[in-house]
Peer 1: 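Input: one structure, supplied below.
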Number of protein chains: 2
Amino acid sequence: MSIYTIAQASEEVELTPYTLRYYEKEGLLPNVIKDSAGRRKYRDDDLQRIGFIKCLKGTGMSLKQIKEYGDLYEQGKAKFKERNAMLEEHREKILQEIKTQKKYLKMVEAKIQMKI
Amino acid sequence: MSIYTIAQASEEVELTPYTLRYYEKEGLLPNVIKDSAGRRKYRDDDLQRIGFIKCLKGTGMSLKQIKEYGDLYEQGKAKFKERNAMLEEHREKILQEIKTQKKYLKMVEAKIQMKI
DNA sequence: CTAACAGTTAAAGTTAACTCTAAGTCAAGA
DNA sequence: TCTTGACTTAGAGTTAACTTTAACTGTTAG
């Protein structure tokens with residue numbers, strides 16, 4: 001399938017229809033089209049975009065920053081440098097976060113081993 | 001030093017005095033004592049507890065669950081099993097989260113490499 | 001033809017986790 | 001003694017990210 005209703009898209013990306021509409025209202029999904037009755041139609045492009053939004057959000061980027069990134073993305077190769085700079089900075093943040101998670105994992109494991 | 005004012009503890013654990021009072025109000029720090037003038041005095045025990053709270057919180061546990069854990073902790077070895085079960089479950093969550101972070105890291109890196 | 005259904009909008013409500021304000025207390029230094 | 005500064009409390013305010021409500025509309029099955 002390559003055209004989805006909001007219910008189908010919701011199922012596909014594991015976000016509620018409320019959330020999808022909310023993301024759109026916040027400007028994160030500028031390319032979702034509507035049919036003659038005003039109903040949203042999601043295409044594969046849209047689902048991929050949502051997938052990347054989930055990736056950025058899941059690694060701690062705020063919706064506000066995700067929107068900034070998306071806005072740069074919309075401006076095409078003119079803003080390629082800025083856009084990639086954002087991603088590279090974010091990459092560092094993720095690496096740091098993984099380190100922190102590993103440290104915390106060790107703390108939790110130590111506590112489990114304590115047996116007191 | 002082994003006794004800290006709220007300002008010193010705040011500095012030590014990198015949380016604002018507001019947050020420390022808030023955690024206490026929420027029951028996460030049941031053992032903080034006060035001097036004759038009613039001012040909080042943090043001991044090393046308290047700082048360690050805050051350190052572990054930061055660990056749990058930093059790995060996605062809600063303050064509500066952290067309080068549950070702390071409440072079990074207060075009940076000593078009677079609740080050892082339950083307490084450790086919580087930690088073991090949380091350990092799995094952290095492991096899963098690290099996996100997810102690594103997957104997302106790859107996605108971001110792929111996007112960086114795209115050069116479009 | 002009509003009832004049920006899946007969608008629409010604008011706007012209000014919710015939740016977690018702080019963060020700040022206002023009014024007050026207490027101890028220490030000039 | 002007076003003032004300054006670091007604390008105290010209860011309670012209000014903030015922010016992000018949803019989540020729900022109310023009122024409405026267009027599509028589809030009987």
Side-chain angles (χ1 to χ4, degrees), chain A residues 1 3-43 46-47 49-70 90 93 97 104, chain B residues 1 3-43 46 49-71 90 93 97 104:
Chain A
M1 218 189 316
I3 294 284
Y4 306 76
T5 64
I6 197 166
Q8 292 164 339
S10 161
E11 174 93 354
E12 203 70 27
V13 302
E14 296 176 293
L15 289 175
T16 68
Y18 296 139
T19 305
L20 290 177
R21 289 192 202 99
Y22 171 67
Y23 281 4
E24 195 175 329
K25 188 164 62 180
E26 293 300 304
L28 272 62
L29 300 171
N31 302 320
V32 175
I33 55 172
K34 296 188 180 173
D35 69 12
S36 59
R39 285 177 303 215
R40 290 169 177 80
K41 291 290 160 197
Y42 294 83
R43 286 154 318 159
D46 299 315
L47 299 200
R49 186 166 183 143
I50 295 165
F52 198 57
I53 288 170
K54 286 186 73 177
C55 162
L56 294 177
K57 199 179 157 295
T59 46
M61 193 183 283
S62 68
L63 294 186
K64 190 178 166 182
Q65 271 188 303
I66 294 171
K67 176 168 162 40
E68 279 174 40
Y69 173 78
H90 190 58
K93 211 181 123 186
E97 184 58 19
Y104 284 156
Chain B
M1 218 190 313
I3 292 284
Y4 305 76
T5 64
I6 198 166
Q8 292 164 339
S10 161
E11 174 93 355
E12 203 70 26
V13 301
E14 297 178 293
L15 290 174
T16 67
Y18 295 139
T19 303
L20 290 177
R21 290 192 201 98
Y22 170 67
Y23 281 4
E24 196 174 329
K25 188 162 60 178
E26 293 300 304
L28 272 62
L29 301 170
N31 302 319
V32 175
I33 55 174
K34 297 188 181 176
D35 70 11
S36 59
R39 284 175 303 216
R40 290 169 178 80
K41 291 290 161 197
Y42 294 83
R43 288 156 315 161
D46 299 315
R49 185 167 183 140
I50 296 165
F52 198 57
I53 289 170
K54 286 185 74 177
C55 163
L56 294 177
K57 201 182 157 292
T59 46
M61 194 183 280
S62 68
L63 294 187
K64 190 179 166 182
Q65 271 188 301
I66 294 171
K67 175 167 162 39
E68 279 174 41
Y69 172 79
D71 288 350
H90 191 59
K93 211 181 123 184
E97 184 58 20
Y104 285 156

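Labels below follow one simple rule: chain letters A, B, ... track the order of the sequence lines, proteins then strands, and each chain is numbered from 1.
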Peer 1: What pairs meet the side-chain hydrogen bond (donor to acceptor under 3.5 Å, both in side chains) rule with one or both residues in residues 60-69 of chain B, with sequence neighbours excluded?
Peer 2: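 Qualifying pairs: Lys67(B)-Asp71(B).
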Peer 1: Both Ser36(A) and Tyr23(A) contact DNA chain D. Which one's nearest nucleotide lies toward the 5' end?
Peer 2: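 The 5'-side residue here is Tyr23(A).
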Peer 1: What's the CG-P distance between Leu20(B) and dC18(C), to the nearest Å?
Peer 2: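 It is 10 Å, rounded to the nearest whole Å.
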Peer 1: Residues in side chain to side chain donor-acceptor pair (under 3.5 Å) with Arg21(B), at least two apart?
Peer 2: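 Testing Arg21(B) for side chain to side chain donor-acceptor pair (under 3.5 Å), a comparison that skips the adjacent residues, returns none.
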Peer 1: Report the residues that fulfil salt bridge (Lys or Arg N to Asp or Glu O under 4.0 Å) with Glu26(A), sequence neighbours left out, ordered by chain and then residue number.
Peer 2: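 Checked Glu26(A) against salt bridge (Lys or Arg N to Asp or Glu O under 4.0 Å); zero matches.
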Peer 1: Going by number, which of residues 57-70 of chain B have a non-hydrogen atom under 4.0 Å from DNA chain D?
Peer 2: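 Residues of residues 57-70 of chain B that come under 4.0 Å of DNA chain D do not exist, since none gets that close.
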Peer 1: Measure the distance from OH on Tyr22(B) to P on dT14(D) and round it to the nearest whole Å.
Peer 2: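 Going from Tyr22(B) (OH) to dT14(D) (P), I get 17 Å.
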Peer 1: What is the distance from CG of Leu56(B) to C1' of dA17(C), rounded to the nearest Å?
Peer 2: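 In whole Å, dA17(C) C1' and Leu56(B) CG are 16 Å from each other.
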Peer 1: Locate the shortest heavy-atom distance separating Val13(B) from Lys54(B); write the atom from each residue and the value.
Peer 2: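 That closest heavy-atom pairing would be O-NZ, 2.7 Å.
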Peer 1: Using the test side chain to side chain donor-acceptor pair (under 3.5 Å), find all partners of Ser10(B) that sit at least two apart in sequence or belong to another chain.
Peer 2: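 Side chain to side chain donor-acceptor pair (under 3.5 Å) list for Ser10(B), sorted by chain: empty.
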Peer 1: Round to a whole Å and report the spacing from CD of Glu26(A) to P of dT9(C).
Peer 2: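 Result: 14 Å.
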Peer 1: Please pick, from dA17(C), dT19(D), dC20(C), the nucleotide with the shortest atom-to-atom distance to any side-chain atom of Tyr18(B).
Peer 2: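 Looking only at side-chain atoms, Tyr18(B) lies closest to dC20(C).
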Peer 1: In plain terms, say whether Asp46(B) and Arg43(B) are close enough for a salt bridge, that is, a side-chain N and a carboxylate O under 4.0 Å apart.
Peer 2: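 So Asp46(B) pairs with Arg43(B) through a salt bridge.
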Peer 1: Minimum heavy-atom separation for Leu28(A) and Arg49(A), please, with both atom names.
Peer 2: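 Taking every non-hydrogen atom into account, O-NE, 3.1 Å.
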Peer 1: Which pair of heavy atoms, one from Gln8(A) and one from Ile3(A), lies closest together, and at what distance?
Peer 2: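 Shortest heavy-atom separation between Gln8(A) and Ile3(A) comes out as OE1-O, 3.9 Å.
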Peer 1: In the 5'-to-3' direction, what one-character label does each nucleotide of nucleotides 7-12 of chain D receive under the scheme B = base within less than 4.0 Å of a protein heavy atom, S = sugar-phosphate only, - = no such atom?
Peer 2: SBB-B-
